[in-house]
Amino acid sequence: MSDDATKPEKPKASSRRPASKAAERAATSVVAPLNEPADQPATSEVVEATSVSIVQGGAETVHASSIDIRQGGIARATADDIAIHQGGIAIARGEHVSTEFGGNMLTLAGEARLTQSLASAVIARDATLDQSLVQTVVAGRATFRQPSAVFVLIAGRVDGPVRPVLDWRGGLAAGAVIGLILGVLRRRR
């Protein structure tokens, strides 16, 4: 009996790109597990599917109708609906982006909802923050539930208890002062 016969076969990760373009377009669901062997290099391919679910894993770029992340991450995600639970996305672009106990660097959405989460920038038509910390919010309507913190807030309408460090007037004044200081320093050279 050989050693190969006694070793169990390792399951192949389903986050890999299908072999052909036709198979790629036909994919309906992709799951990216964390338990891939460490000796395999990370893929830098684009995952395209109707629905993508990542549990304790990650992907570089994902394009789908819906994306669900649980304890995982994506560098760039584009979808109609994106749901993040205890995970993160560097750049999330979608019509509906929901983050719970997670983090985003940049969220571009029609409707963005952050619950006990962190974000660097949220740009949305409608942004709802619930016990979240965000550096910059630019929205048509920003709704704050529970205590949330925002550094820069630019919104057409603001609902809820929030005191940003800088609103649009403060941001404009800070930009003018920084521009003036940089102009003076350049002339000294």
Side-chain angles (χ1 to χ4, degrees), residues 15 28-34 47-178:
S15 65
T28 58
S29 182
V30 177
V31 177
L34 179 64
V47 176
E48 293 182 353
T50 303
S51 177
V52 177
S53 178
I54 296 178
V55 179
Q56 295 183 342
E60 185 173 326
T61 303
V62 177
H63 299 284
S65 294
S66 67
I67 297 172
D68 184 38
I69 301 170
R70 294 188 180 277
Q71 297 180 347
I74 297 176
R76 293 175 183 239
T78 303
D80 291 333
D81 294 308
I82 300 174
I84 305 159
H85 309 279
Q86 296 180 347
I89 295 180
I91 301 172
R93 180 182 295 228
E95 183 56 33
H96 304 280
V97 178
S98 174
T99 307
E100 294 180 21
F101 308 108
N104 301 338
M105 289 297 295
L106 174 61
T107 300
L108 302 167
E111 180 182 331
R113 177 178 299 272
L114 282 82
T115 304
Q116 295 183 355
S117 299
L118 302 170
S120 181
V122 174
I123 301 171
R125 181 179 60 250
D126 186 10
T128 303
L129 284 76
D130 187 0
Q131 294 182 343
S132 296
L133 176 62
V134 181
Q135 182 178 350
T136 305
V137 174
V138 178
R141 179 179 179 197
T143 304
F144 295 88
R145 299 183 181 147
Q146 304 292 325
S148 293
V150 177
F151 185 71
V152 177
L153 174 61
I154 301 172
R157 179 177 174 176
V158 178
D159 296 322
V162 65
R163 294 199 49 115
V165 175
L166 294 176
D167 60 2
W168 71 271
R169 293 177 294 266
L172 186 62
V177 169
I178 291 171

**Student:** Quick one: closest heavy-atom pair of His63 and Thr61, and the distance?
**Tutor:** NE2-CG2, 3.6 Å
**Student:** Quick check for you: to the nearest 0.5 Å, what is the distance between Leu133 atom CG and Leu114 atom CG?
**Tutor:** 10.0 Å
**Student:** Ignoring hydrogens and geometry, is there a side-chain-to-backbone donor-acceptor pair from Thr99 to Ser117 under 3.5 Å?
**Tutor:** no
**Student:** Between Gln86 and Gln56, does a side-chain contact (heavy atoms from CB on, under 4.5 Å) hold up when you go through it step by step?
**Tutor:** CA-CA 10 Å; Gln86 296 180 347; Gln56 295 183 342; over 6 Å; no
**Student:** Apply side-chain contact (heavy atoms from CB on, under 4.5 Å) to Ile123 and Leu106, showing your working.
**Tutor:** CA-CA 8 Å; Ile123 301 171; Leu106 174 61; 4.2 Å; yes
**Student:** Any side-chain heavy-atom pair from Ile54 and Val52 closer than 4.5 angstrom?
**Tutor:** yes
**Student:** Evaluate Ile82 against Ile84 for side-chain contact (heavy atoms from CB on, under 4.5 Å), listing each step before the verdict.
**Tutor:** CA-CA 7 Å; Ile82 300 174; Ile84 305 159; 4.0 Å; yes
**Student:** Show the numbers, then the answer: is there a side chain to side chain donor-acceptor pair (under 3.5 Å) between Ser120 and Gln135?
**Tutor:** CA-CA 5 Å; Ser120 181; Gln135 182 178 350; 3.3 Å; yes
**Student:** Kindly compute the distance separating CG (Leu129) from CD (Gln146), expressed to the nearest 0.5 Å.
**Tutor:** 12.0 Å
**Student:** Distance check, rounded to the nearest 0.5 Å: His96 atom NE2 versus Glu111 atom CD?
**Tutor:** 5.5 Å
**Student:** Applying side-chain hydrogen bond (donor to acceptor under 3.5 Å, both in side chains), can you list everything that pairs with Ser98, at least two apart in sequence or on another chain?
**Tutor:** none
**Student:** Taking all heavy atoms of Asp159 and all of Arg157, pick out the closest pair and write down the distance.
**Tutor:** OD1-NE, 3.2 Å
**Student:** Looking at every heavy atom in both Asp68 and His85, which two are closest together, and how far apart are they?
**Tutor:** OD1-CD2, 3.5 Å
**Student:** Atom OG1 in Thr128, atom CZ in Arg113: separation rounded to 0.5 Å?
**Tutor:** 4.5 Å
**Student:** To the nearest 0.5 Å, how far apart are CD1 in Ile89 and OG1 in Thr107?
**Tutor:** 7.5 Å
**Student:** Starting at CZ of Phe144, measure out to CG of Asp130 and round the result to the nearest 0.5 Å.
**Tutor:** 11.0 Å
**Student:** Quick one: does Ser148's side chain have a donor or acceptor within less than 3.5 Å of a partner on Ser132's backbone?
**Tutor:** yes
**Student:** Is Ser65 reaching over with its side chain to a backbone N or O of Ser51, donor-acceptor style, under 3.5 angstrom?
**Tutor:** no
**Student:** Tell me every residue that passes salt bridge (Lys or Arg N to Asp or Glu O under 4.0 Å) with Asp80, counting only those two or more places apart in sequence or in another chain.
**Tutor:** none
**Student:** The criterion is side-chain hydrogen bond (donor to acceptor under 3.5 Å, both in side chains); which residues satisfy it with Arg145, sequence neighbours excluded?
**Tutor:** none
